[in-house]
**Student:** 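First the structure, then my questions, so here it is.
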Amino acid sequence: NEMVTFLDNETSKQKVQMSIHQFTNTCFRNCVASANSSSLSPQEEQCLANCVNNFLDTKIRVVKGLQHVKE
Amino acid sequence: NEMVTFLDNETSKQKVQMSIHQFTNTCFRNCVASANSSSLSPQEEQCLANCVNNFLDTKIRVVKGLQHVKE
Amino acid sequence: NEMVTFLDNETSKQKVQMSIHQFTNTCFRNCVASANSSSLSPQEEQCLANCVNNFLDTKIRVVKGLQHVKE
Amino acid sequence: QVQQELALANATELVNNITDNCFQKCLSNPYSDPQPNCVDQCLNKYLKAWNTVSKTYIARIQDPSTSGEI
Amino acid sequence: QVQQELALANATELVNNITDNCFQKCLSNPYSDPQPNCVDQCLNKYLKAWNTVSKTYIARIQDPSTSGEI
Amino acid sequence: QVQQELALANATELVNNITDNCFQKCLSNPYSDPQPNCVDQCLNKYLKAWNTVSKTYIARIQDPSTSGEI
């Protein structure tokens, strides 16, 4: 059914968008100290990328750990 | 249609109420240091009013800035 | 009606679960300083129990206080 | 019906926000006993803050020079 | 069906709360490499905290002297 | 219709997140006057951070060695 496929695609696109909003919100708070310039410093860029990767690594580890607890 | 008008009015009244809840929550946290008295000091009163006005000014500027980015 | 009773029970069980999630989230943040061990210290255990009880005491007092204000 | 549900939603939001704020302000040390006076004072202070915020926000909404932008 | 959806909602809430808390506690410096051991310890600690909170809260709900007020 | 509603939800989320973050970063002292330049700089910085986060996250999703776990 094309409508279902369309809605599923929209839903997963929307989930990705919402994750990006959430990560930007958290990582901007952690990585950007002041707003005294319009550009990101190389350190801020690196911090943002690490923040996203570390958050995803933490989440993967938590999901695996919980599956292990259940067994 | 009267029902639609009634619901629209309720919805926008509700949005105003929810904004007041959100501003009180944020600005109380920022402006009120301790709960050692039942009254607000004149400084706390002023801080609360500035907090609301500054938040609204920031939001207006962000909306305008985003429209400018899009063009 | 059995379906209504079933749904009511599920809803209140779900509210209890969600309160436990919320309290654990807040009290873990307040009571657990570091994650350098897998066990809770006796102080952390006590802090968690106090945190839940104090939060509930605060909420009961707020609800009573608001009823008093209305009258 | 709609109005009742909105009133309930507002009361719940108010109770939760006051509890969160006054729990934090009155119990900085979660080991200590609760201080009922602190919660009562904090509650009264919160309601006064609600009035100040409300007046300021509604004044901005009704100001024709900026209301369109909010 | 209802129970399955609630179980999924609970699991999602638990995963998100543990991830948030353990990300903050284990990675105070976001430049550093992740420390898998810290996340595992933090996860175990969180589950123990969940049990303590759960026991305390349910004891309060079942205490007839205060349960009506919660 | 669905796409329009999602686009609106995304725009609202973006406006709210930028306003929260830039209000905090630009107005550490709530007594002071607003600094329009700070808000503009902060907004531009936030949009650049959004791009960096987006690139990093999408690279992880598309990496076949980990994408199944996210």
Side-chain angles (χ1 to χ4, degrees), chain B residues 1-70, chain D:
Chain B
N1 180 311
E2 273 172 38
M3 189 62 194
V4 171
T5 313
F6 169 77
L7 286 173
D8 280 356
N9 282 339
E10 291 305 305
T11 309
S12 64
K13 258 198 273 173
Q14 179 61 5
K15 273 189 194 169
V16 168
Q17 290 268 323
M18 280 300 156
S19 294
I20 295 172
H21 281 307
Q22 187 214 325
F23 288 142
T24 310
N25 196 14
T26 303
C27 298
F28 189 83
R29 228 173 272 275
N30 285 340
C31 294
V32 175
S34 76
N36 56 0
S37 123
S38 285
S39 346
L40 292 167
S41 70
Q43 287 84 346
E44 285 171 334
E45 284 261 18
Q46 188 60 51
C47 179
L48 289 165
N50 288 351
C51 177
V52 174
N53 280 317
N54 288 350
F55 194 92
L56 290 172
D57 289 336
T58 304
K59 188 165 186 173
I60 290 169
R61 193 113 196 146
V62 167
V63 170
K64 279 195 189 160
L66 283 175
Q67 284 164 344
H68 193 257
V69 167
K70 271 199 200 165
Chain D
Q1 183 68 20
V2 174
Q3 281 170 322
Q4 272 179 11
E5 281 184 28
L6 294 180
L8 184 64
N10 277 320
T12 304
E13 182 78 12
L14 189 63
V15 167
N16 288 341
N17 287 346
I18 298 178
T19 304
D20 281 348
N21 275 284
C22 295
F23 174 72
Q24 295 295 340
K25 295 226 187 283
C26 292
L27 298 158
S28 59
N29 178 352
Y31 292 98
S32 66
D33 281 333
Q35 304 158 273
N37 283 342
C38 179
V39 176
D40 291 346
Q41 287 173 352
C42 180
L43 163 64
N44 282 314
K45 222 167 172 170
Y46 196 94
L47 295 176
K48 284 169 189 157
W50 204 92
N51 284 334
T52 303
V53 165
S54 179
K55 253 185 283 175
T56 312
Y57 182 57
I58 287 171
R60 278 293 288 268
I61 293 179
Q62 291 175 340
D63 176 352
S65 73
T66 61
S67 68
E69 294 168 335
I70 295 174

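In what follows, chains carry the letters A, B, and so on, assigned in the order in which the sequence lines appear, proteins first and then strands, with residues in each chain numbered from 1. Below, each value reflects all heavy atoms present in this structure, side chains not excepted, and no hydrogens, waters or symmetry copies.
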**Student:** Sort out for me which of Ile18(D), Leu43(D), Leu14(D) touches chain B most, counting heavy-atom pairs under 4.5 Å.
**Tutor:**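 Option with the top pair count is Leu14(D).
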
**Student:** Return the set of residues passing side chain to side chain contact (heavy atoms under 4.5 Å, CB included) with Ile58(D) (not counting sequence neighbours), or none when no residue passes.
**Tutor:**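 In terms of side chain to side chain contact (heavy atoms under 4.5 Å, CB included), with neighbours along the sequence ignored, Ile58(D) is linked to Ile20(B), Ser54(D), Gln62(D).
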
**Student:** Identify whether the distance between the nearest side-chain nitrogen and carboxylate oxygen of Glu44(B) and Lys45(D) falls below 4.0 Å.
**Tutor:**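 Yes, this pair counts.
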
**Student:** Rounded to the nearest 0.5 Å, what's the gap from CD on Gln22(B) to CD on Glu13(D)? Could you check?
**Tutor:**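 Those atoms lie 9.5 Å apart.
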
**Student:** Which heavy atom in His21(B) sits nearest to a heavy atom in Tyr46(D), and how many Å separate them?
**Tutor:**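 The pair with the smallest heavy-atom distance is O-OH, 4.3 Å.
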
**Student:** Run the numbers on Leu48(B) and Thr56(D) for side chain to side chain contact (heavy atoms under 4.5 Å, CB included), then give the verdict.
**Tutor:** CA-CA 9 Å; Leu48(B) 289 165; Thr56(D) 312; over 6 Å; no

**Student:** Can you list the residues that meet the side chain to side chain contact (heavy atoms under 4.5 Å, CB included) rule with Asn44(D), with sequence neighbours excluded?
**Tutor:**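 Asn44(D): side chain to side chain contact (heavy atoms under 4.5 Å, CB included) contacts with Ser38(B).
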
**Student:** Atom OG1 in Thr24(B), atom CG in Asn17(D): separation rounded to 0.5 Å?
**Tutor:**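 If I round to the nearest 0.5 Å, the distance is 8.0 Å.
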
**Student:** Rounded to the nearest 0.5 Å, what separation is found between the SG atom of Cys42(D) and the CZ atom of Phe28(B)?
**Tutor:**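 Answer for the SG-CZ pair, Cys42(D) versus Phe28(B), is 4.0 Å.
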
**Student:** How many angstroms lie between CG in Asn53(B) and OH in Tyr57(D), if you round to the nearest 0.5 Å?
**Tutor:**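 So the gap between those two atoms works out to 11.5 Å.
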
**Student:** Do Leu40(B) and Thr52(D) have side chains that approach each other closer than 4.5 Å (heavy atoms only, starting at C-beta)?
**Tutor:**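 With C-beta onward as the side chain, the pair touches.
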
**Student:** Gln14(B) and Asn10(D): which non-hydrogen atoms are nearest, and at how many Å?
**Tutor:**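 Scanning both residues, the minimum pair turns out to be OE1-ND2, 3.3 Å.
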
**Student:** I need the Asn37(D) CG to Asn36(B) CG distance, nearest 0.5 Å.
**Tutor:**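 Asn37(D) atom CG to Asn36(B) atom CG measures 12.0 Å (nearest 0.5 Å).
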
**Student:** Quick check for you: among Ala33(B), Ser34(B), Ser19(B), Ser37(B), which has the greatest number of heavy-atom pairs under 4.5 Å with chain D?
**Tutor:**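 The answer is Ser37(B).
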
**Student:** Just wondering, do Asp57(B) and Arg60(D) contact through their side chains at under 4.5 Å, heavy atoms?
**Tutor:**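 Yes, at least one pair of side-chain atoms sits under 4.5 Å.
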
**Student:** Looking at Gln17(B), Glu45(B), Lys13(B), Met18(B), which one has more heavy-atom pairs under 4.5 Å with chain D than the rest?
**Tutor:**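 So the answer, after comparing Gln17(B), Glu45(B), Lys13(B), Met18(B), is Gln17(B).
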
